[in-house]
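Heads up, the thing below is written out as structure tokens.
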Amino acid sequence: MAVASSEKASAKREQKQRRRLISGPGILLVWLYGVMVVGAVSRSAVQISTDFGKAPLAYTLSAVAGVVYGFITYSLVRGGDRARRAAFACCALELAGVLIVGVWTLVEPSAFPDATVWSDFGMGYLFIPVILPVTAMYWLRKGVLQHGAAKDGTARA
């Protein structure tokens with residue numbers, strides 16, 4: 001009997017944690033990542049289907065960016081601690097990709113005869129690809145610290 005009520009309480013806590021990811025700034029992050037999914041996937045789908053031979057690396061990277069954005073969006077909507085960690089890790093990988101591709105497009109522009117979502121640090125997307133993962137990682141990290149403070153009753157910076 002005690003185990004069943006303990007499981008119910010645990011399930012309720014998990015549900016609250018999941019909701020917490022898409023409240024406040026989380027709603028804006030989900031919306032922005034959703035827009036980026038649509039932009040990256042539609043761009044890459046058109047480019048791959050019409051002229052893949054022109055710039056296969058660029059078009060493939062745009063498709064990868066769309067998949068990464070999709071996973072982050074899903075993780076933010078799903079919520080919970082595992083989803084928070086997965087979203088944080090994907091945002092870190094996304095930021096690394098944006099920085100690597102951004103530098104690569106500046107150092108070796110001939111490798112990218114056509115732009116990707118992450119070209120020139122996302123300049124074609126108003127630098128959102130470089131700003132968004134930094135903002136998301138800050139928000140996700142801040143939520144972890146606040147969640148930890150609420151658990152043990154102490155204030156954390």
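Since this is a predicted model, take the numbers as computed values, not measurements.
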Any heavy-atom pair between the side chains of [Y] and [X] that's under 4.5 Å?
X: Y74; Y: C90; value: no
X: T60; Y: F52; value: yes
X: V98; Y: F127; value: no
X: Y33; Y: E94; value: yes
X: L57; Y: W104; value: yes

Inset, instruction - Determine, stepwise, if the pair L95 / V130 fulfils side chain to side chain contact (heavy atoms under 4.5 Å, CB included). - result: CA-CA 6 Å; L95 180 61; V130 77; 4.1 Å; yes

What are the two closest heavy atoms between [X] and [Y], and how far apart are they?
X: L29; Y: T135; value: CD2-CG2, 4.4 Å
X: K54; Y: P113; value: O-CG, 3.3 Å
X: I72; Y: A87; value: CG1-O, 4.4 Å

With the 4.5 Å side-chain cut-off for hydrophobic clustering, are [X] and [Y] part of the same group?
X: L99; Y: V134; value: yes
X: V101; Y: V67; value: no
X: I100; Y: F112; value: no
X: V117; Y: M123; value: yes

side-chain contact (heavy atoms from CB on, under 4.5 Å) partners of [X], counting only residues at least two apart:
X: L32; result: L28, L132
X: V103; result: V107, F121
X: F88; result: M137, L140, R141

Inset, instruction - List in chain and number order the residues that pass side chain to side chain donor-acceptor pair (under 3.5 Å) with S119, two or more places apart in sequence or in another chain; answer none if no residue qualifies. - result: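 Side chain to side chain donor-acceptor pair (under 3.5 Å) list for S119, sorted by chain: T116.
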
Legend entry - side chain to side chain donor-acceptor pair (under 3.5 Å) against T73, all qualifying residues, sequence neighbours excluded: none

Inset, instruction - Could you grab the distance from atom OG of S75 to atom CZ of R82, nearest 0.5 Å is fine? - result: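 It is 10.0 Å, given to the nearest 0.5 Å.
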
Inset, instruction - Apply the test side chain to side chain contact (heavy atoms under 4.5 Å, CB included) to residues L106 and D120: give CA-CA distance (whole Å), side-chain angles for both, the deciding distance (0.1 Å), then the verdict. - result: CA-CA 7 Å; L106 295 177; D120 302 315; 3.3 Å; yes

Scan the side chains in residues 35-49 for donor-acceptor partners under 3.5 Å anywhere in the protein, sequence neighbours excluded, and list what turns up.
from, atom 1, to, atom 2, distance (Å)
S42, OG, V38, O, 2.5
S42, OG, G39, O, 3.3
R43, NH2, A115, O, 3.1
S44, OG, A40, O, 3.0
S44, OG, V41, O, 3.1
S49, OG, A45, O, 2.8
S49, OG, V46, O, 3.2

Inset, instruction - Given side chain to side chain contact (heavy atoms under 4.5 Å, CB included), test L76 with W139 step by step and report yes or no. - result: CA-CA 11 Å; L76 290 172; W139 184 77; 4.3 Å; yes

